[in-house]
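To keep things clear, I will list the structure first and then write my remarks on it.
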Amino acid sequence: MSPNENEIQAVQNLEHEADTLLAELATSTLPASRGTLLTLERIAATAARIAYGTGSPRLISEQMRALIDWTDHLDDEAWCALFQQTLRTRPLRSPYGHNAAS
């Protein structure tokens, strides 16, 4: 199943939303709030559902893949703390080391 134009546009919008938020977090002096982490989780989950659900993982960027990896474990406090530290750097790198930008 290939993505339709609306799905492609939705992923592009999510990429933009994530990029804007990640840029803000990287320059912030405060750690990301729980609400911000949940926003990132929503963005990642929606992008993953569209990209992988349509069999089109190429729709998402390396940054979005890293975000998906990170937001998969937000229920773990130690993981969250490490994620918050990582959010202070750009580009966002995968916790598993497979991000091409690492």
Side-chain angles (χ1 to χ4, degrees):
M1 168 185 211
S2 294
N4 63 40
E5 287 301 316
N6 289 336
E7 291 166 326
I8 292 169
Q9 185 62 50
V11 170
Q12 290 171 349
N13 291 344
L14 291 164
E15 290 273 3
H16 178 73
E17 184 180 359
D19 194 54
T20 299
L21 188 51
L22 291 170
E24 290 171 6
L25 291 168
T27 61
S28 177
T29 58
L30 300 173
S33 69
R34 183 70 183 157
T36 299
L37 295 178
L38 292 175
T39 297
L40 290 170
E41 182 179 42
R42 175 194 53 82
I43 291 168
T46 304
R49 186 173 50 253
I50 294 169
Y52 297 117
T54 61
S56 303
R58 70 188 181 288
L59 284 178
I60 56 176
S61 68
E62 286 296 318
Q63 176 174 261
M64 186 61 75
R65 283 186 187 92
L67 186 59
I68 291 165
D69 289 345
W70 279 110
T71 59
D72 273 349
H73 303 286
L74 291 183
D75 55 339
D76 180 313
E77 281 188 45
W79 184 269
C80 259
L82 185 56
F83 182 36
Q84 287 179 321
Q85 288 176 336
T86 304
L87 287 170
R88 295 181 179 262
T89 61
R90 291 286 294 201
L92 181 65
R93 58 183 166 71
S94 172
Y96 306 118
H98 62 74
N99 189 337
S102 296

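A quick note: this is a predicted structure, and the numbers were derived from the prediction, not measured.
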First locate atom [atom1] of [X], then atom [atom2] of [Y], and finally report the distance between them rounded to the nearest 0.5 Å.
| X | Y | atom1 | atom2 | result |
| --- | --- | --- | --- | --- |
| Leu14 | Met64 | CG | CE | 5.5 Å |
| Leu21 | Leu40 | CG | CG | 4.5 Å |
| Leu59 | Glu15 | CG | CD | 9.0 Å |
| Leu22 | Ile43 | CG | CD1 | 7.5 Å |
| Asn4 | Gln9 | CG | CD | 11.0 Å |
| Arg88 | Leu30 | CZ | CG | 7.5 Å |

Within the structure provided, determine whether [X] and [Y] are in side-chain contact (heavy-atom separation under 4.5 Å).
| X | Y | result |
| --- | --- | --- |
| Leu37 | Cys80 | yes |
| Glu7 | Arg49 | no |
| Ile68 | Ile60 | yes |
| Leu67 | Phe83 | yes |

Indicate the atoms forming the closest heavy-atom contact of [X] with [Y], along with that distance.
| X | Y | value |
| --- | --- | --- |
| Met1 | Ser56 | O-OG, 4.4 Å |
| Asp19 | Arg90 | OD1-NH2, 2.6 Å |
| Ala47 | Val11 | O-CG2, 4.5 Å |

With a 4.5 Å cut-off on side-chain heavy-atom distances among I, L, V, M, F, W and Y, is there a chain of contacts connecting Leu82 to Tyr96?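 Per the 4.5 Å side-chain linkage, Leu82 and Tyr96 are co-clustered.
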Under 3.5 Å, is there a donor on one side chain and an acceptor on the other for Asn13 and Glu17?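 There is no such pair between these side chains.
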Flag, side chain of Ser28 to backbone of Glu24, donor-acceptor distance under 3.5 Å: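 Judged by distance alone, no pair lies under 3.5 Å.
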So, Trp70 side chain and Arg93 main chain: donor-acceptor pair closer than 3.5 Å or not?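 Checking the backbone N and O of Arg93 against the side chain of Trp70, a donor-acceptor pair under 3.5 Å is found.
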Do other residues, nucleotides or ligands put more than 12 heavy atoms under 6.0 Å from His73 NE2?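 Count over threshold, so yes.
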Determine, step by step, whether Arg34 and Leu74 satisfy the side chain to side chain contact (heavy atoms under 4.5 Å, CB included) criterion, reporting the C-alpha distance in whole Å, the side-chain angles of both residues, the deciding distance to 0.1 Å, and the verdict. CA-CA 10 Å; Arg34 183 70 183 157; Leu74 291 183; 4.1 Å; yes
